[in-house]
Structures are given as C-alpha cells and as structure tokens.
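Data first, discussion second: the structure below is written as structure tokens.
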Amino acid sequence: MRIATYNVNSVRMRLPILERWLAEASPDLVAIQETKVEDKDFPREPFEAMGYRVEVHGQKARHGVAMLSKLPITIAARGFGDGDQEDDRRLMVADVEGIRFVNSYVPNGTQVGTDKFVYKLWWMKRLRKFLDETCDKGHPLVWLGDVNVAPTADDLHDAKRNYGKVGHHPDEFAALADVTGWGLTDVYRRFHEGPGHYTFWDYRLPKAVERGLGWRIDHIYANDAILNRFTAARVDVWPRLEEKPSDHAPVVADLDWP
DNA sequence: ATGGTGGCCATGCCA
C-alpha cells in the first residue's frame with residue numbers, strides 16, 4: 001500500500017500537476033490539504049477517472065482537506081466534532097483497509113504572539129484530545145498532513161535564523177510533542193536522517209528548491225500498531241519544480257499492508 | 001530590517 005500527503009494550495013489550480021503526479025506515483029491513498037474550494041465545486045471527475053474515490057471537507061477560498069482512495073474508504077469524522085470552530089475545515093478522518101487515517105492541515109500561525117499563533121497551539125491541543133477520545137491506541141493509525149512545524153534544526157534550511165519564529169518555535173515543538181505523545185512516530189525520519197529533506201519552499205524565494213531554502217513541515221506519523229509495516233518514505237520534489245506549482249511537495253510512504 | 005509570490009476574489013488577507 002502506498003500513501004501520500006500533499007498540500008496543493010488550491011486543488012483547482014493544481015489539477016494538471018496533480019494528474020501527472022498521481023499517474024507517476026500511483027498512491028493508493030492521498031491526504032490533500034488546502035483545497036480552497038467548497039464541496040459542491042470540488043473537481044471530482046478527473047480523480048474518479050483515474051480510479052479514485054473522492055472524499056471532501058472544504059470551504060470557500062481557504063483551508064479545506066480531501067482524501068483520494070483507490071480502496072474502499074469510510075469517513076469517520078469531518079472536523080473535531082467538539083463544536084468549536086467547525087467552520088474551519090482542516091481535519092478529516094477516514095478508515096481504509098483497517099487503518100485509521102487522520103488528515104490534518106494544522107494552522108500556520110502567521111506570527112508568534114498573534115491570536116493566530118495561539119489558535120495554532122490550541123488546535124494541536126484539540127487534535128491530541130481528539131485522538132484520546134475517539135481513537136484506539138491498539139488499532140493501526142496514521143496521522144499525516146501539513147503540520148506547519150519544523151520540529152528539529154535539521155528540518156529547515158536556517159534553524160538559527162528561524163528559531164523562535166513561527167514554524168520553529170519551542171511552544172510549537174511542545175504542542176507537536178503533545179500530539180505525538182499519544183503514541184506516534186515520524187515515519188519519514190525512520191528512513192532518512194540529517195538536513196536537506198524538505199517539503200515546502202516559499203514562493204517568495206527565487207530558486208528556493210535549487211538553493212535548498214526549504215522546510216520539512218509535511219509529515220507522516222504512525223502508531224506502534226502499524227509503524228513497523230512501513231518500508232520506505234520519500235519526498236517527490238519534481239512537482240514543486242513544474243510550472244504553476246504548489247509551494248509544497250508531496251510526501252510518499254510505502255507500507256506492507258495488509 | 002524589509003519585501004519578495006501566489007491564491008482567493010475583488011480588496012487586502014493569508015500563507
């Protein structure tokens with residue numbers, strides 16, 4: 001089974017690249033973030049034509065998540081279901097082949113010290129609470145998506161410059177550790193160590209990919225019930241180098257399942 | 001220290 005996470009920064013703008021990448025990588029399950037489209041306007045047909053079931057949880061203009069699956073998929077949740085900020089569509093949960101997949105678009109946080117930064121930390125607290133209250137530690141679970149945190153100095157190109165700024169702040173490290181403390185391990189880091197493994201490059205930096213000016217903020221985590229089934233992980237950098245790219249690249253992982 | 005690009009949708013805001 002091959003799974004992937006991809007922040008597409010508008011699914012409609014990214015259709016041509018998505019179609020090329022899906023054909024090339026042929027993942028069985030894809031967690032998409034930043035679809036930026038209402039459910040009624042989601043371009044389902046191109047994905048269905050490629051053999052994918054399409055599940056969406058979107059809104060107009062901002063945020064929005066979706067999942068594509070070649071295998072039967074059952075939606076377990078759209079949003080936290082805790083009644084707070086349910087208009088902010090950043091989370092969906094699906095069961096595929098006996099694995100629970102938690103697809104999330106963690107808030108960016110904008111700037112340390114702002115309300116949005118507080119919201120980011122609070123959102124991650126809610127995610128931990130959601131795992132505690134609705135998921136079973138003994139059952140296979142994968143958490144994947146744009147986590148908007150580079151948790152170690154190796155996860156961004158200039159940790160010294162960015163330490164204490166949004167995306168690389170100790171409060172974010174603690175919030176992320178709180179989520180992973182539920183029992184989750186970073187799958188990508190089981191296969192690749194050291195700097196230079198990035199998934200996001202700011203549009204505003206010319207030749208950012210070529211110059212290595214990236215961040216590893218798109219992650220795949222797994223609990224102990226499934227972790228040892230993973231056999232490989234990679235970042236597909238090439239879609240970031242195409243014309244009209246997302247600012248993120250897809251992260252792909254393979255697992256021996258079932 | 002500042003602004004750079006891109007997507008949304010119409011004007012600045014968010015990332």
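Naming convention: chains lettered A, B, ... in sequence-line order (proteins, then strands); numbering from 1 in each chain. Side chains included, hydrogens not; waters and symmetry mates left out as well; all remaining heavy atoms used.
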To the nearest Å, how far apart are [X] [atom1] and [N] [atom2]?
X        : N      : atom1 : atom2 : value
A:Asp202 : B:dG7  : CG    : P     : 13 Å
A:Gln111 : B:dC13 : CD    : C1'   : 14 Å
A:Asp218 : B:dA15 : CG    : P     : 15 Å
A:Trp201 : B:dG4  : CH2   : P     : 24 Å
A:Tyr203 : B:dG3  : OH    : P     : 21 Å
A:Leu205 : B:dG6  : CG    : P     : 12 Å
A:Ile32  : B:dG7  : CD1   : C1'   : 17 Å
A:Asn108 : B:dG7  : CG    : P     : 17 Å

Could you check which of [options] has an atom nearest any side-chain atom of [X]?
X        : options              : result
A:Asn9   : B:dG3, B:dG7, B:dA15 : B:dG7
A:Thr110 : B:dA15, B:dC9, B:dT5 : B:dA15
A:Met13  : B:dG4, B:dT5, B:dC8  : B:dC8
A:Arg204 : B:dT2, B:dC14, B:dT5 : B:dT5

Taking only the [atom1] atom of each, what is the distance from [N] to [M] in whole angstrom?
N      : M      : atom1 : answer
B:dA15 : B:dC9  : P     : 15 Å
B:dA1  : B:dC14 : P     : 23 Å
B:dC13 : B:dG4  : P     : 15 Å
B:dT11 : B:dG6  : P     : 23 Å

Given side chains that start at C-beta, do those of [X] and [Y] come closer than 4.5 Å, heavy atoms only?
X        : Y        : answer
A:Ile220 : A:Val142 : yes
A:Asp28  : A:Glu97  : no
A:Pro107 : A:Arg90  : yes

If the cut-off is 4.0 Å, is [X] near the phosphate of [N], judged by side-chain N/O to OP1 or OP2?
X       : N     : result
A:Arg12 : B:dG7 : no
A:Ser10 : B:dC8 : yes
A:Lys36 : B:dG6 : no
A:Lys60 : B:dC9 : no

Exercise. Have a look at A:Phe200 and say if it touches a base, only the backbone sugar-phosphate, or nothing, with a 4.0 Å heavy-atom cut-off.
Key: nothing
Quiz item: How would you label the contact of A:Arg90 with the nucleic acid (heavy atoms, under 4.0 Å): base, sugar-phosphate, or nothing?
Solution: sugar-phosphate
Quiz prompt | First encountered from the 5' end of DNA chain B, between A:Ala61 and A:Glu34 | solution = A:Ala61
Quiz item: Pick the nucleotide of DNA chain B nearest each of A:Pro245 and A:Asn7; which residue has the one closer to the 5' end?
Solution: A:Pro245
Exercise. Dump the intermediate steps for ring pair (Phe, Tyr, Trp, His ring centres under 6.0 Å) on A:Tyr163 and A:His169, then the final yes or no.
Key: CA-CA 6 Å; A:Tyr163 182 81; A:His169 189 284; 7.5 Å; no
Practice problem: For atom CD of A:Glu19, decide whether the heavy atoms of other residues, nucleotides or ligands shown that lie under 6.0 angstrom number more than 12. | Solution: yes
Exercise. Both distances under 3.5 Å, Watson-Crick or G-U wobble: report the partner of B:dC9, or none.
Key: none
Practice problem: Please determine, for B:dG3, whether a Watson-Crick or G-U wobble partner exists with both distances under 3.5 Å, and give it or none. | Solution: none
Quiz prompt | CA sep, side-chain torsions, deciding dist, call: A:Asn108, A:Lys120, side chain to side chain donor-acceptor pair (under 3.5 Å) | solution = CA-CA 7 Å; A:Asn108 168 282; A:Lys120 179 182 198 171; 5.9 Å; no
